[in-house]
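Here the structure comes first, spelled out in structure tokens, and everything after it is commentary.
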Amino acid sequence: MNLTAVEARLKQDTAQNAGVFISSVSNWATRIFEIITGIVLTIYFLAEGEHVYTWFLSLVPPFRRERLDETCNAQRNAWVAGCWGNWP
């Protein structure tokens, strides 16, 4: 067995596949960042949802704010009733 040839082959293969490895690590890091961001935002909106909703309504002109609030509440109630209202 020629160890010099094996070493040369390993170096060549490593150099050829370095780009694939770096790309793979980059993809995994991106995916992990997306998951962590999703978890943090979910916790934030669950904890501060009412405050965020009030802030969102403050961006709407005052003469349309009440109607938007009623519409959003009706939609939320319909969604909850549709999802959980017929639960056995």
Side-chain angles (χ1 to χ4, degrees):
M1 181 175 215
N2 186 355
L3 292 177
T4 307
V6 171
E7 181 182 358
R9 176 66 187 217
L10 284 173
K11 285 182 180 179
Q12 180 183 5
D13 288 345
T14 303
Q16 288 176 348
N17 294 321
V20 174
F21 176 74
I22 291 171
S23 175
S24 177
V25 169
S26 174
N27 289 338
W28 274 100
T30 301
R31 183 67 56 200
I32 289 172
F33 179 75
E34 289 173 353
I35 291 170
I36 291 172
T37 302
I39 291 170
V40 168
L41 287 175
T42 299
I43 292 171
Y44 172 74
F45 284 122
L46 286 173
E48 297 292 329
E50 190 65 33
H51 187 264
V52 172
Y53 178 70
T54 304
W55 173 81
F56 169 72
L57 283 179
S58 73
L59 300 176
V60 177
F63 62 94
R64 294 191 179 170
R65 195 173 297 159
E66 184 177 342
R67 182 173 180 199
L68 179 63
D69 185 35
E70 291 172 1
T71 303
C72 289
N73 285 331
Q75 286 291 1
R76 183 183 64 219
N77 293 341
W79 183 80
V80 170
C83 289
W84 306 107
N86 297 326
W87 196 262

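Quick note: residue numbers are just sequence positions, from 1.
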Please identify each residue that fulfils side-chain contact (heavy atoms from CB on, under 4.5 Å) with [X], with sequence neighbours left out.
{"X": "T37", "value": "F33, L41"}
{"X": "I43", "value": "I39"}
{"X": "W28", "value": "S24"}

**Prompt:** Under the side-chain hydrogen bond (donor to acceptor under 3.5 Å, both in side chains) rule, what pairs show up with a residue in residues 64-74, not counting sequence neighbours?
**Reply:** Y53-D69, D69-N73, N73-R76
**Request:** Determine which pairs satisfy salt bridge (Lys or Arg N to Asp or Glu O under 4.0 Å) with at least one residue from residues 14-43, sequence neighbours left out, and list them in order.
**Result:** R31-E34
**Request:** For residues 38-60, pull every pair meeting salt bridge (Lys or Arg N to Asp or Glu O under 4.0 Å), keeping only residues two or more places apart or in separate chains.
**Result:** none
**Request:** Could you tell me which residues satisfy side chain to side chain donor-acceptor pair (under 3.5 Å) with Y44, sequence neighbours excluded, listed by chain and number?
**Result:** none
**Prompt:** Tracing side-chain links under 4.5 Å among I, L, V, M, F, W and Y, which residues wind up in one group with I36?
**Reply:** I32, V40
